[in-house]
Amino acid sequence: MNKLDRQQALPLLATLPEWQHDEARGAITRELRFADFAHAFAFMTQIALAAEKRDHHPEWSNVYNRVKITLTTHDAGGLTQRDIDLARLADQVYARFEKS
């Protein structure tokens, strides 16, 4: 997977308004808040299963009801379409938790 250049990345990042772009690192980050630890862990489980199938794993941490996710493609040295796709999936899964 090829690293996205700035011209490729900017329009894609515009579709992910909740994500923060660290251009120097070639990564995107988002912090999510849930009702409680059980919901945060359930979210992480869903993303972990999808990430394993895609062989693309997030950097993340969990403290009680918060999950912080950082996405970058180490092999490519920065942001790739794989990161954008996993961020979109995370947003979709998170949206289901917000409604419950």
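Everything quoted here is computed from the prediction, not taken from an experiment.
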If you look at every heavy atom in Gln7 and Asp5, which pair is closest and at what distance?
N-OD1, 3.1 Å

Of all pairs that satisfy ring pair (Phe, Tyr, Trp, His ring centres under 6.0 Å), the ones with a partner from residues 11-31, not counting sequence neighbours
none

Indicate the atoms forming the closest heavy-atom contact of Trp60 with Ala48, along with that distance.
CH2-N, 3.8 Å

Considering all heavy atoms, the nearest Thr72-Ala27 contact
CB-CB, 3.8 Å

Listing request: all salt bridge (charged side-chain N to carboxylate O under 4.0 Å, His left out) pairs with a residue in residues 26-52, at least two apart in sequence or in separate chains.
Arg30-Asp91, Glu31-Arg33, Glu31-Arg66

The reported gap from CZ in Arg82 to CG in Leu4 (rounded to nearest 0.5 angstrom) is 12.5 Å

Got a donor-acceptor contact below 3.5 angstrom from the Asn62 side chain to the Val67 backbone?
no

Mind checking what makes ring pair (Phe, Tyr, Trp, His ring centres under 6.0 Å) contact with Phe43, not counting sequence neighbours?
Phe34

Taking transitive links into account, so neighbours of neighbours count too, which hydrophobic residues share a cluster with Tyr64 at under 4.5 Å side-chain distance?
Phe37, Phe41

Can you name the closest pair of heavy atoms from Ile69 and Pro58 and give their distance?
CG2-CB, 3.9 Å

Donor-acceptor pair, Arg88 side chain versus Thr15 backbone, under 3.5 Å?
no

Can you see which heavy atom on Asn65 is nearest to which on Ala35, and at what distance?
CB-C, 4.4 Å

side-chain contact (heavy atoms from CB on, under 4.5 Å) evaluation trace for Asp83 with Met1:
CA-CA 10 Å; Asp83 303 305; Met1 179 82 30; over 6 Å; no

Would you mind listing every salt bridge (charged side-chain N to carboxylate O under 4.0 Å, His left out) that reaches into residues 6-29, with sequence neighbours excluded?
Arg6-Glu23, Arg25-Glu59

Considering all heavy atoms of both residues, which atom of Ala50 and which atom of Leu89 are nearest to each other, and what is their separation?
CB-CD2, 3.3 Å

So salt bridge (charged side-chain N to carboxylate O under 4.0 Å, His left out) across residues 68-77, not counting sequence neighbours, yields none

CD1 (Ile84) and CG (Leu13) are apart, to the nearest 0.5 Å, by 4.5 Å

Decide side-chain contact (heavy atoms from CB on, under 4.5 Å) for His56 and Thr73; before the verdict, give the C-alpha distance in whole Å, the side-chain angles of both, and the deciding distance to 0.1 Å.
CA-CA 8 Å; His56 188 59; Thr73 304; 3.2 Å; yes

Positive for side-chain contact (heavy atoms from CB on, under 4.5 Å) with Ile28, one of Thr70, Leu86, Leu16:
Leu16

